[in-house]
Amino acid sequence: MRALRLFLLGTCFVSLPGWAQDATAWMARMGEALATLDYQGDLVYQHGSQLETLRIYHASGTDGGRERLLTLSGAPREVIRGGGQVRCVGTSDQSTSYGHGMLQSPLMAPFGGAGAASLGRHYEAVLGGVERIAEHETQLVEVRPRDAFRYGYRFWLERNSGMPLKSLRFGADGRPVEQLMFTRVTLGERPSDADLGSDLAQAAPGVALDLPQAMETRVASGWTVLDPPAGFRLTMQQPPAPRSSEHQVYSDGVANVSVYVEPLQAKVPAFSGPASRGAINLYGRVLDGRQVTVLGDVPAATVERFAQGVSFDAGS
């Protein structure tokens, strides 16, 4: 089954430009920086009890640019993104090629695109203090959810560019569930082609996967989610095909939830109940001989509500 998805030093009294004193304006600057800025550096990524050291090279572009993310600890692994494809390369598993959009840069999610525009309805952005990260002064912005169905976020944004140098995702209890921080970063310097290419010799041909497509009109499939949390709407759906699987993506503009409905397989145990990996929560149930799996960058109660709401309407 494909239901796994592959992201302080002191307070200063600083005179900031007028536009920078609005938290929403800072969020807009962050989105612009992620879309237009070249950067490279080393960072630490903590999810759950795991801590990884990573290196990232990012070259901006109108098509989403090019990016290479590689591990500096543990087994050698790389993620190469560009040209409408994302390729995961490891020393033990076969490389897999994914269509554009299946995997994002860890810095792009969740506010790299239209997310900032959704803050007013489901989130509130509040300015914090000025702190120093990776030898750069940053502005802290906290994004607070308006209900318990979403995570909250803290971003430390480099003051000159708006680039996030540290991010933290937290639950309803205020405890971090995932955080990422640069320890070394170079901004505005374009990586070389060599830096953007893979070092791993085992770059086996990948396997293309079908992806859900952006919604213009909904494809009549019969599968739906009853009573999702407020603000979540169906935004992507698996292309129609002569097959029995279904993949839908629901979003509130910031958080995303994937719903998979697949035939039970004789050699694969059914998955029921909750599971998690860092900030990603899953919930599974068996319904009418199908495996329903819901996963998303949302709290556990949210994916459970989605899973319990999955139903089939033959007349739709």
Side-chain angles (χ1 to χ4, degrees), residues 2 4-7 30 33-61 63-112 133-136 155-156 158 161 163-169 176-209 211 277-280 297:
R2 310 186 266 114
L4 285 177
R5 183 181 165 190
L6 219 313
F7 153 72
M30 180 175 74
L34 288 169
T36 63
L37 193 64
D38 298 323
Y39 55 87
Q40 51 191 293
D42 298 339
L43 48 94
V44 290
Y45 173 50
Q46 182 176 12
H47 50 103
S49 60
Q50 294 186 300
L51 182 66
E52 297 183 74
T53 308
L54 309 171
R55 178 164 295 161
I56 191 169
Y57 298 95
H58 180 87
S60 63
D63 61 349
R66 300 170 61 195
E67 185 173 278
R68 176 184 172 212
L69 182 71
L70 60 149
T71 59
L72 301 181
S73 58
R77 289 171 290 130
E78 297 184 357
V79 176
I80 311 296
R81 186 170 62 88
Q85 292 284 309
V86 176
R87 182 178 298 276
C88 299
V89 184
T91 54
S92 57
D93 297 328
Q94 183 185 33
S95 304
T96 305
S97 178
Y98 300 85
H100 179 70
M102 175 61 81
L103 295 175
Q104 289 183 315
S105 162
L107 294 172
M108 291 295 286
F111 291 93
I133 304 291
E135 301 184 286
H136 293 265
F155 299 99
W156 286 257
E158 200 271 330
S161 64
M163 175 73 184
L165 300 187
K166 179 180 177 180
S167 65
L168 182 150
R169 194 184 320 229
V177 295
E178 178 185 66
Q179 52 187 320
L180 179 151
M181 183 179 74
F182 276 100
T183 58
R184 178 190 64 84
V185 65
T186 301
L187 302 175
E189 182 177 316
R190 196 168 185 84
S192 67
D193 287 341
D195 287 334
L196 292 166
S198 175
D199 283 340
L200 297 181
Q202 186 186 344
V207 179
L209 300 179
L211 293 177
R277 183 181 182 274
I280 304 299
D297 51 351

Where H58 and P191 come nearest, the two heavy atoms and their spacing: O-CD, 3.4 Å
To the nearest 0.5 Å, tell me how far H136 NE2 sits from K166 NZ. 15.5 Å
To the nearest 0.5 Å, what is the distance between CD on E135 and CD on E158? 12.5 Å
Quick one: do the Y45 and E178 side chains pair a donor with an acceptor below 3.5 Å? yes
Got a second to check how far Q50's CD is from S73's OG, nearest 0.5 Å? 10.0 Å
To the nearest 0.5 Å, what is the distance between OG (S161) and CG (L37)? 5.5 Å
Ignoring hydrogens, what is the shortest heavy-atom contact between I56 and L43? Give both atom names and the distance. CG2-CD2, 3.9 Å
May I ask you to decide if S60's main-chain N or O and D38's side chain share a donor-acceptor pair within less than 3.5 Å? yes
Is there side-chain contact between M163 and L34, with heavy atoms separated by less than 4.5 Å? yes
Compare all side-chain heavy atoms of H47 with those of I280 and state whether any distance is below 4.5 angstrom. no
When the ring planes of Y39 and F182 are compared, do they come out parallel, tilted or perpendicular, using 30° and 60° as the limits? perpendicular
Report the distance from atom CH2 of W156 to atom CG of L165, rounding to the nearest 0.5 Å. 11.0 Å
Do R68 and R55 come within less than 4.5 Å of each other through their side chains, counting heavy atoms only? no
Give, for atom CD1 of I80 and atom OH of Y57, the distance between the pair rounded to the nearest 0.5 Å. 10.5 Å
Closest heavy-atom pair, I133 versus M181, reported as atoms and distance to 0.1 Å, is CG2-CG, 3.9 Å
